[in-house]
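Structure first, commentary second.
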Amino acid sequence: MVVKSVAFNAYQNAMDLRRRTVDSTVSQSLKKPQAPVTSFQDTLKSSLVKVNDLQETKETMIEEFASGKTQNVHELMISMQKAGMAMQMTGAVRSKIMSAYKEIMQMPF
């Protein structure tokens, strides 16, 4: 009977070890990879670069349309709308940043 209990204990230990290994493997595979953290400054810079690219694309398309290289009015209007919306959003973000700055400067310390 002692042999049976030793064998049973060994079996249970092996199963516990396997379950812990499987659980840790599964939990590691289910974890979402974290996106690299970017600062507000980097986010703001990349957004401004995108807005600038949209403005340059708009200007290029206007020049090509005016010179007769392209006849696609739809793409021209879409690029103009995109650039306009991007500038409006940039202005709104700027206004929010400025109002937050003013509010912080008025806080008593």
Side-chain angles (χ1 to χ4, degrees):
M1 295 291 173
V2 174
V3 173
K4 287 184 180 180
S5 64
V6 169
F8 184 71
N9 286 340
Y11 174 76
Q12 280 184 327
N13 290 338
M15 290 305 291
D16 288 341
L17 178 65
R18 178 151 173 91
R19 184 174 358 103
R20 279 185 263 142
T21 304
V22 169
D23 288 346
S24 67
T25 303
V26 168
S27 65
Q28 289 293 330
S29 67
L30 292 178
K31 285 184 182 177
K32 292 182 180 178
Q34 292 185 350
V37 179
T38 57
S39 67
F40 180 72
Q41 180 181 0
D42 293 338
T43 303
L44 193 60
K45 281 182 181 180
S46 67
S47 296
L48 290 174
V49 166
K50 289 178 186 176
V51 170
N52 190 40
D53 290 344
L54 286 172
Q55 289 292 328
E56 288 175 356
T57 302
K58 177 190 81 164
E59 293 295 325
T60 304
M61 290 187 78
I62 289 173
E63 289 174 8
E64 287 177 356
F65 185 77
S67 66
K69 289 182 183 177
T70 61
Q71 299 293 324
N72 197 343
V73 177
H74 299 292
E75 284 187 25
L76 174 64
M77 294 304 293
I78 290 170
S79 70
M80 289 175 65
Q81 287 295 320
K82 282 183 181 180
M85 289 296 291
M87 285 301 290
Q88 287 178 353
M89 290 299 294
T90 302
V93 169
R94 180 199 168 275
S95 297
K96 289 289 185 178
I97 290 172
M98 292 304 292
S99 65
Y101 175 76
K102 287 177 185 176
E103 189 174 329
I104 289 172
M105 293 309 292
Q106 291 176 357
M107 296 174 89
F109 287 103

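Because the structure is predicted, anything quoted here is derived from the model rather than measured. The first residue of the sequence shown is numbered 1, and numbering continues consecutively from there.
Atom-to-atom distance recorded for Glu59:CD and Met80:CE is 9.0 Å, nearest 0.5 angstrom. If you take NZ on Lys50 and NZ on Lys82, they are separated by 12.5 Å, rounding to the nearest 0.5 Å. In this structure, OG1 on Thr43 lies 11.0 Å from NZ on Lys45, to the nearest 0.5 angstrom. Here the NZ atom belonging to Lys69 is positioned 13.0 Å from the CE atom belonging to Met61, to the nearest 0.5 angstrom. The OG atom of Ser99 sits 10.5 Å away from the CZ atom of Arg94 when rounded to the nearest 0.5 Å. Rounded to the nearest 0.5 Å, atoms CE (Met85) and CE (Met89) are 7.0 Å apart.
Across Thr90 and Ala86, no two heavy atoms sit closer than the pair OG1-O, 2.7 Å. Nearest approach of Leu76 to Ser79, heavy atoms of both residues: O-OG, 2.9 Å. In terms of heavy-atom proximity, Phe40 sits nearest to Ile97 at CZ-CD1, 3.8 Å.
Residues Met98 and Ile104 do not share a hydrophobic cluster, defined by chaining ILVMFWY side chains whose heavy atoms lie under 4.5 Å apart. When the side chains of ILVMFWY residues are joined at heavy-atom separations under 4.5 Å, either directly or via intervening members, Leu54 and Val49 end up in two distinct hydrophobic clusters.
Shown here is Glu75, whose CD atom has no more than 12 heavy atoms of other residues, nucleotides or ligands within 6.0 Å.
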Taking it one step at a time, do Lys58 and Ile62 satisfy side chain to side chain contact (heavy atoms under 4.5 Å, CB included)?
CA-CA 6 Å; Lys58 177 190 81 164; Ile62 289 173; 3.9 Å; yes
